Amino acid sequence: MQRAPERTPLTDLLRHGFIPAQESIVDSYGRAFTYLRVSVTDLCNLRCVYCMPEEGMKWMPRDEILSFEEIVTVIEAAAACGVYKIRLTGGEPLVRSDIAVLTRMVARVPGITDLALTTNGTRLAELANDLASAGLRRINISLDTMDPVKFKAIARRHELHEVLEGIQAAHAAGLRPVKINMVVLGGLNDEEVADFAAMTLDQAIDVRFIEYMPLEEAKGCAMGSGNFSFVPNQISKERIAARFGELEPLEVGDGMQGPAEVFQIQGAAGRLGFISAMSAPFCKLCDRLRLTASGELRSCLLDGGGLSLKPLLRNGGSRQDIIAAFRTSAYQKPEVHTDWANIPAASMSRIGG
Ligand code: SAM
């Protein structure tokens, strides 16, 4: 069994000045945090088989969810120590009322220069313009199939048409880049990877192929019941190359890259990203913290530990207290995640994917 690497005690790091007093949040392995993913709700209007059970989800009580003001207080504290990139997510962020109002509030936080949002796209046709004028720049839209029958099988709802309209609306509203996230599921949608790649030929759309991650709530309802199998991204890459020829590797510095390996079909307008969390984990490059809808700070998607900011936010904690909580959370971040036996008993949607 692989052993977790030794950590340097926090007190020693502080004494040796390794963690700068105020400027940035650095963990005990030297990773600086510049990116905060903010889940604005745990609610979702789809029930994707790889994410949550069809029935029986326990939603957070309304008063447990952070208010817009509380979210912005956390983001201001993050911005004060070097975070410049925010992604609003969920659950489904577009089912939260007045999401464009929150978007505007976040866009105005000094220091936040990169504001993105991840959505299932079902409400995007009505909201894309408001979001763009509120200051949203980039958008990721989850779409796992272009076949209405398969869409119903994966998302357990009939909303493919709305998502496709949402993609067009995002384009028309000037959001750039528009990225499509496809979770590749063997036996459900893996035959479509080359069709998805074809979307990049003429349109400036980026498509990212995501490996399924067996988070606990999904495991019980999907893989466990034999609905689909895991597909490593290498297989998807080979399928795409078999149709379009060898893929050209790209080095990009505009936020497309993140943890993705980026390629392009020769002469295509858009790009292809491969996010291989299972077959090629990228923990060493991970520069993100997560804030759940109920105000828990998590330094690792797969690590059970979280630190609740709610007591600080609701009992008069100062910005310095919040920053101290960021540092503690960052310090708790494992160098790599190896303990698959103890992944959190929660879906990506509850933590904030
Ligand atoms: N509702 C929004 C959406 O659908 O994009 C945002 C939240 S969703 C949890 C964020 C992303 O996580 C989506 O692209 C979804 O496909 C992905 N996701 C959810 N569960 C996953 C899992 N078990 N493995 C890999 N990706 C997953």
Side-chain angles (χ1 to χ4, degrees), residues 37-53 57 59 86-96 99 116-124 127 131 136 138-145 150-151 154-157 159-160 162-163 166-167 170 175 178-186 188-190 196 206-225 227-233 236 258-260 273-282 288 290-293 298 301-302 337 340 343-353:
R37 288 174 92 106
V38 178
S39 174
V40 300
T41 179
D42 62 327
L43 298 177
C44 190
N45 55 342
L46 301 183
R47 294 287 181 278
C48 299
V49 288
Y50 53 81
C51 190
M52 57 172 83
M57 277 298 280
W59 308 114
I86 299 290
R87 175 174 298 280
L88 302 177
T89 181
E92 171 47 42
L94 302 194
V95 301
R96 179 135 185 196
I99 184 68
L117 182 141
T118 300
T119 173
N120 63 31
T122 54
R123 297 202 55 207
L124 200 50
L127 287 168
L131 291 167
L136 186 70
R138 307 195 284 116
I139 195 147
N140 288 21
I141 304 166
S142 300
L143 176 66
D144 300 318
T145 177
K150 288 188 191 165
F151 190 92
I154 296 173
R156 300 190 182 110
R157 297 287 186 271
E159 304 219 30
L160 174 60
E162 286 78 353
V163 181
I167 295 170
L175 296 170
V178 173
K179 293 185 206 166
I180 307 294
N181 283 350
M182 176 196 197
V183 180
V184 182
L185 308 162
L188 279 183
N189 65 358
D190 57 327
F196 269 66
D206 295 333
V207 177
R208 308 195 316 163
F209 301 92
I210 299 176
E211 286 180 349
Y212 165 74
M213 295 168 75
L215 274 93
E216 198 59 31
E217 251 164 22
K219 237 182 4 185
C221 61
M223 279 265 268
S225 57
N227 284 346
F228 60 83
S229 57
F230 174 74
V231 181
N233 263 337
S236 299
F274 294 86
I275 303 191
S276 312
M278 300 301 295
S279 64
F282 38 78
R288 60 192 65 173
R290 287 183 156 82
L291 178 69
T292 70
R298 280 177 176 262
L301 176 64
L302 298 174
H337 189 274
W340 283 98
I343 52 177
S347 65
M348 191 89 98
S349 106
R350 194 187 294 277
I351 301 167

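Whatever order the structure lists them in is the order used to number ligands and atoms, beginning at 1. Values reported hereafter were calculated over all heavy atoms of this structure, with side chains retained and with hydrogens, waters and symmetry mates removed. Owing to the predicted nature of the structure, the values given are computational and were not obtained by experimental measurement.
- Under 4.0 Å from ligand 1, heavy atoms of T118 appear from its side chain as well as its backbone.
- Here CG of L143 is found 16.0 Å from NZ of K179. Values are rounded to the nearest 0.5 Å.
- Of the N or O atoms in E92, one or more lie within a sub-3.5 Å distance of an N or O in ligand 1.
- Taking any N or O of Y50, backbone or side chain, at least one lies under 3.5 Å from an N or O belonging to ligand 1.
- Within the structure, the closest approach of E211 to ligand 1 falls below 4.0 Å when heavy atoms are considered.
- The aromatic rings of F228 and Y212 lie perpendicular to each other, with more than 60° between the two planes, well past the 30° mark.
- Residues passing the side chain to side chain contact (heavy atoms under 4.5 Å, CB included) test with D190, sequence neighbours excluded: V184, V231, R239.
- Here's the thing with Y212: none of its N/O atoms is less than 3.5 angstrom from an N/O atom of ligand 1.
- Close approach of ligand 1 to M213 is summarised as follows: ligand atoms under 4.0 Å from at least one heavy atom of the residue are 22 (C), 23 (N), 24 (N), 25 (C).
- Every atom of ligand 1 is numbered from 1 in the order shown, and the set under 4.0 Å from a heavy atom of G90 is 7 (C).
- Contacts between V183 and ligand 1 below 4.0 angstrom, taking non-hydrogen atoms only, involve the side chain exclusively.
- With I180 as reference, I167 is the one residue of I139, D206, I167 to meet the side-chain contact (heavy atoms from CB on, under 4.5 Å) rule.
- Residue N181 has at least one heavy-atom neighbour below 4.0 Å for each of these atoms of ligand 1: 14 (O).
- No hydrogens or angles considered: a donor-acceptor pair under 3.5 Å links the side chains of E92 and T119.
- To the nearest 0.5 angstrom, L117 atom CG is 9.5 Å from I141 atom CD1.
- Using modelled atom types, one finds no donor on one side chain facing an acceptor on the other under 3.5 Å when comparing N181 with T118.
- Note that the CD1 atom of I210 and the OH atom of Y50 stand 7.5 Å from one another [nearest 0.5 Å].
- At a 3.5 angstrom cut-off on N or O pairs, G91 counts as close to ligand 1.
- Contacts with ligand 1 closer than 4.0 Å are made by backbone heavy atoms (N, CA, C, O) of T119 only, the side chain lying farther away.
- Of all atoms in ligand 1, numbered sequentially from 1 with element shown, those under 4.0 Å from a heavy atom of T89 are 6 (C), 7 (C).
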